[in-house]
Peer 1: 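Submitted below is the structure of interest, expressed as structure tokens.
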Amino acid sequence: MSDRKFGFDTQCIHAGQSPDPNTGSRAVPIHQTTAYVFDSADHAASLFNLEAFGNIYTRIMNPTSGVFEERMAALEGGTAALALGSGMAAQMTSILTIMQTGHELVSSSTLYGGTYTQFDVNLREMGINVTFVDPNDPENFRKAITDKTRALYAETVSNPLGNVLDIEAVAKVAQEAGIPLIIDNTFATPYLCRPIEHGANIVVNSATKFICGHGTSIGGVLVDGGNFPWDNGKFPCMTEPSKGYHGIKFYETFGNFGYAIRARVEILRTHGQALSPFNSFLFTQGLETLNLRMDRHCSSALEIAKFLNDHPAVEWVNFAGLPDSPYHELSKKYMPKGAGSIFTFGVKGGIEAGRTLINSVELFSHLVNVGDAKSLIAHPASTTHRQLNEEEQMSAGVTPETVRISVGLETLEDLIWDLDQALAKSQKAKA
Ligand SMILES: *Cc1c(COP(=O)(O)O)cnc(C)c1O
């Protein structure tokens, strides 16, 4: 094919795949195999030496996952990607690829609840200290950096506070400190925001959410921006001979995709958080319609946010898509196509009214997922953020009356009808 640079919509459908040369299969084949036959003993040795690229064992690589990885790298604008067993695995791998005991991470305090616990408990147990900062002022990241800090971490749009990060300002802080910025882009997806274009170095996504799009599979992916100079003296794991991989020097050997290679052969290979090829297939299916689904998710969410904003039973609505949101300007800058479809609101009558609301919806499903074609509703204080104490919940933006919704792809009028009837019931419960 010519060297035309294809548009985002085309890449959603084609990046990383052409018809299978052996079978002519147009769709992405599911390579449900554990291992791959070598051509010869020499061929096997060269694969194990990382001298030739090829398949060895599905824990480390798989052709179906390879399509998903290449497509994600193209969509995020990075050099390479690595598919992993979940979003949690993707973010843990993104950190372990460059951090060891004694290092420090500076992270936004407004995070997915599971991520907060992963950092606050699990990383600390490994001797990696984490400093949480309020991300609304990018200078807070700078103030928390020490000579042991090896990365900054934040979410494009955070859950459930809905704050939008000033990615360029935080990327500048990271660059000046000689450390990478890792961004969790799950709520935006590369369709709404491409953090690497704004200076981020590594992007992680929970593919479980909008990338899958149908609430069927758990998975994650990390994307190497290929734009970080690992030879600045702070990352010997990238520049010194590897103990786990017979003396290979990842940055020298693989250049601007050395980070992704080290993540694959030193972390995924030994920790084993591999993604199933079948799930990779479902994620490539999801990606084919990501652009169309995100447009509809965003437009319906905005209409529902406006409806709730005017509703007498609603105390407040927190959605960056609304002009009165403190994050509206940042949202327009970083997500010009729409502010996503996940947001929170407070129902009048506090926790009791909130519970009645959740018990009364007929179309919205009460569960803890987001980014599904189906509309979802949840009460963060008693579910996703339950492990946090009250003070931590407050700093993450979770109050007792907070209700979170993820607006799906159903008929908009049906969703508004459902919330309206449930809100009416919630107010009767209060009285
Ligand atoms: C769901 C989610 C995760 C974790 O992903 P899993 O696929 O559930 O492991 C991480 N970050 C954000 C923002 C999420 O929404």
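In listed order, ligands and their atoms are each counted from 1.
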Peer 1: List below, pair by pair, the N or O atoms of ligand 1 and of the protein that are less than 3.5 Å apart, including the distance to 0.1 Å; reply 'none' if no pair qualifies.
Peer 2:
| from | atom 1 | to | atom 2 | distance (Å) |
| --- | --- | --- | --- | --- |
| ligand 1 | 5 (O) | Ser206 | OG | 3.0 |
| ligand 1 | 7 (O) | Gly87 | N | 2.9 |
| ligand 1 | 7 (O) | Ser206 | OG | 2.8 |
| ligand 1 | 7 (O) | Thr208 | OG1 | 2.6 |
| ligand 1 | 9 (O) | Gly87 | N | 3.0 |
| ligand 1 | 9 (O) | Met88 | N | 2.9 |
| ligand 1 | 11 (N) | Asp184 | OD2 | 2.7 |
| ligand 1 | 15 (O) | Lys209 | NZ | 2.7 |

Peer 1: Salt bridge or not between Lys172 and Glu176? Use side-chain N to carboxylate O under 4.0 Å.
Peer 2: yes
Peer 1: Does Tyr112 have Lys209 sitting over its ring (NZ/CZ under 6.0 Å from centre, angle to axis within 45°)?
Peer 2: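 Yes, cation above the ring, under 6.0 Å and within 45°.
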Peer 1: Could you check whether any side-chain heavy atom of Leu152 comes within less than 4.5 Å of a side-chain heavy atom of Ile182, counting everything from C-beta outward?
Peer 2: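 Side-chain contact under 4.5 Å: no.
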Peer 1: Taking all atoms of both residues into account, what is the closest heavy-atom pair of Thr284 and Val67, and its distance?
Peer 2: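 Taking every non-hydrogen atom into account, CG2-CG1, 4.0 Å.
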Peer 1: With ring centroids as reference points, do Tyr259 and Phe228 lie under 6.0 angstrom apart?
Peer 2: no
Peer 1: State, yes or no, whether a side-chain contact exists between Arg262 and Cys237 at a heavy-atom distance under 4.5 Å.
Peer 2: yes
